[in-house]
Amino acid sequence: MRILTVIGNRPQFIKAAAVSGPLRARHEEVLVHTGQHYDDALSRVFFSELGLARPDRELGVGGGSNTSQLARMLATLEPLLAQERPDAALVYGDTNSTLAGALAAAQAGMPVIHVEAGMRSFDRTMPEERNRVLADHLADLLLCSSGTSAANLAAESVTGRVEVVGDVMVDVALRWQPAARENAEAPARYGLTPGAYLLLTAHRAGNVDDPQRLRTLVHLIETLPAPVLFPLHPRTRARLEDAGLLDALHTRAGVVLTEPLGYAEFTALLCQARAVLTDSGGVQKEAYLAEVPCVTLRTGTEWVETVDAGWNALVDLDASAALGALARTPPDQHPQLYGDGHAAERCVAAIDRL
Ligand code: UDP
């Protein structure tokens, strides 16, 4: 089959890096990069590091509001699909690129495959939640990371075929984490001692777009025990700058700000951290795999199993709740929640049966 894959942001490059190889062993893939993330630190570095093939098409339609970005993606994808004439479209996760790829393909009468289907935060104010719900209802083949996501889809009576394959980001993480644990250079570069620093990421619209919430986030960071390493997503950097908060954070003793990091370096810093604080979905999951306690800067999560297992605590932006969560002892048990590192092969086997 000729499969057209639509990707556009950092976690999608990582997911595609897991699936693209096994997919290309059996099918032809046309890789389309929408340009949703156009910053080199969020895009190009992942292609080179993770060995993902160069995109066949680069749409360059990043920037702007969610609605205008989606509109430009749809307008660009329609003629592209007509030209490329794939047998199916493959999309990942919950971004504007996911929804645009799914909708454009469905409108063109092509089957849609959605990897990481069925994740739910049950919070429709999140753009990601709207994207994933709509993509799931457009999809013909829904490939799930866990039984929970398959149950979410059953509850919504989606019409496509649902299969639990495990999580494709886990495939990549399990491959990279053993070396990452031994990488002494990464913490040393920032003057950090393994096991004695916190790693923090934050970029969700709900945390950084509203200046009041952003100030609360900065207060939380200033309350945390030092040192805290904070690789700044470009969105977060821009919002901090706009709110006049960047300089104070920059000069704050014990807070180390960096550019967004490449996957190998970030994974090394995650595996060796005392704990991770994040509003990222992917990072919650990777912290769990690395057996590093996670404090999630949100009121809910799609990765509910990590909370149920006692490795993740939801604190929103409440500084004292974050300190309480950091004081907890990690559980003795660490069940396998999202598969065995072979999810990509199961995705391709399911696609074979499409
Ligand atoms: N990541 C990275 N460098 C960084 C921060 C994150 O390589 O500086 C990786 C991280 O390991 C994870 C992914 O990016 O695999 C998560 O992406 P992001 O937080 O942007 O997206 P989300 O998971 O929230 O959709």
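All heavy atoms count here, side chains included; hydrogens, waters and symmetry mates do not. By convention here, the first residue in the shown sequence is residue 1. We count ligands from 1, going down the list as the structure has it; atoms in each ligand are counted the same way.
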- Query: Backbone or side chain, does any N or O of S280 fall under 3.5 Å from an N or O of ligand 1?
  - Reply: yes
- Note on the structure: atom 15 (O) of ligand 1 has as its nearest protein heavy atom E286 OE2, 2.5 Å
- Give the numbers and elements of all ligand 1 atoms closer than 4.0 Å to a heavy atom of P260. 8 (O)
- Pick one of side chain, backbone, both or neither for how P231 approaches ligand 1, counting any non-hydrogen atom pair under 4.0 Å. side chain
- Item | Atoms of ligand 1, numbered as shown, that sit under 4.0 Å from any heavy atom of L261 | 2 (C), 3 (N), 4 (C), 7 (O), 8 (O)
- Task: Identify, for atom 1 (N) of ligand 1, the protein heavy atom at the shortest distance, and state residue, atom and that distance.
- Result: F266 CD2, 3.7 Å
- Message: Distance under 4.0 Å to a non-hydrogen atom of G282: what atoms of ligand 1 satisfy this?
- Response: 23 (O)
- Check ligand 1 against H203 and write out every atom of the ligand that is under 4.0 Å from a heavy-atom position of the residue. 18 (P), 19 (O), 20 (O), 21 (O), 24 (O)
- One finds that the ligand 1 atoms under 4.0 Å from a non-hydrogen atom of R204 are 24 (O), 25 (O)
- Message: Please verify the inter-ring angle class for Y288 with Y338; under 30° counts as parallel, over 60° as perpendicular, anything in between as tilted.
- Response: perpendicular
- Does the side chain of S43 come under 3.5 Å of the side chain of H33 through a donor N or O and an acceptor N or O? yes
- Task: For atom 21 (O) of ligand 1, find the nearest protein heavy atom and state the residue, atom name and distance (0.1 Å precision).
- Result: P11 CG, 3.3 Å
- Message: Do S48 and R44 pair up side chain to side chain, a donor and an acceptor below 3.5 Å, judged on atom types alone?
- Response: no
- Message: Which of the numbered atoms in ligand 1 are under 4.0 angstrom from any heavy atom belonging to G281?
- Response: 22 (P), 23 (O), 24 (O)
- Query: Is the closest N or O pair between H233 and ligand 1 shorter than 3.5 Å?
  - Reply: no
- Under 4.0 angstrom from ligand 1, any heavy atom of I14? yes
- Task: Take E241 and R237, measure what salt bridge (Lys or Arg N to Asp or Glu O under 4.0 Å) needs, and give me the verdict at the end.
- Result: CA-CA 6 Å; E241 224 157 19; R237 175 180 287 278; 5.3 Å; no
- Item | salt bridge (Lys or Arg N to Asp or Glu O under 4.0 Å) between R235 and D39, intermediate numbers included | CA-CA 11 Å; R235 175 190 197 114; D39 201 300; over 6 Å; no
- Does the side chain of T98 come under 3.5 Å of the side chain of N131 through a donor N or O and an acceptor N or O? no
- Query: In terms of side-chain heavy atoms, does E286 have a donor or acceptor partner in T267 at a distance below 3.5 Å?
  - Reply: no
- To the nearest 0.5 Å, what is the distance between CG (L70) and CD (Q36)? 9.5 Å
- Query: Looking only at side chains, do E305 and S146 share a donor and an acceptor under 3.5 Å apart?
  - Reply: yes
- Query: If you measure from each non-hydrogen atom of E265 to ligand 1, which part falls under 4.0 Å: side chain, backbone, both or neither?
  - Reply: neither
- Steps toward side chain to side chain contact (heavy atoms under 4.5 Å, CB included) verdict (L42, N9): CA-CA 7 Å; L42 294 189; N9 83 344; over 6 Å; no
- Task: Determine whether the side chain, the backbone, both or neither of Y263 has a heavy atom under 4.0 Å from any heavy atom of ligand 1.
- Result: both
- Query: Looking only at N/O atoms, are M169 and ligand 1 under 3.5 Å apart anywhere?
  - Reply: no
- Message: Suppose the criterion is side chain to side chain donor-acceptor pair (under 3.5 Å): which pairs have a residue in residues 223-234, not counting sequence neighbours?
- Response: none
- Of the protein's non-hydrogen atoms, which lies at the shortest distance from atom 6 (C) of ligand 1, and what is that distance? R10 CZ, 3.5 Å
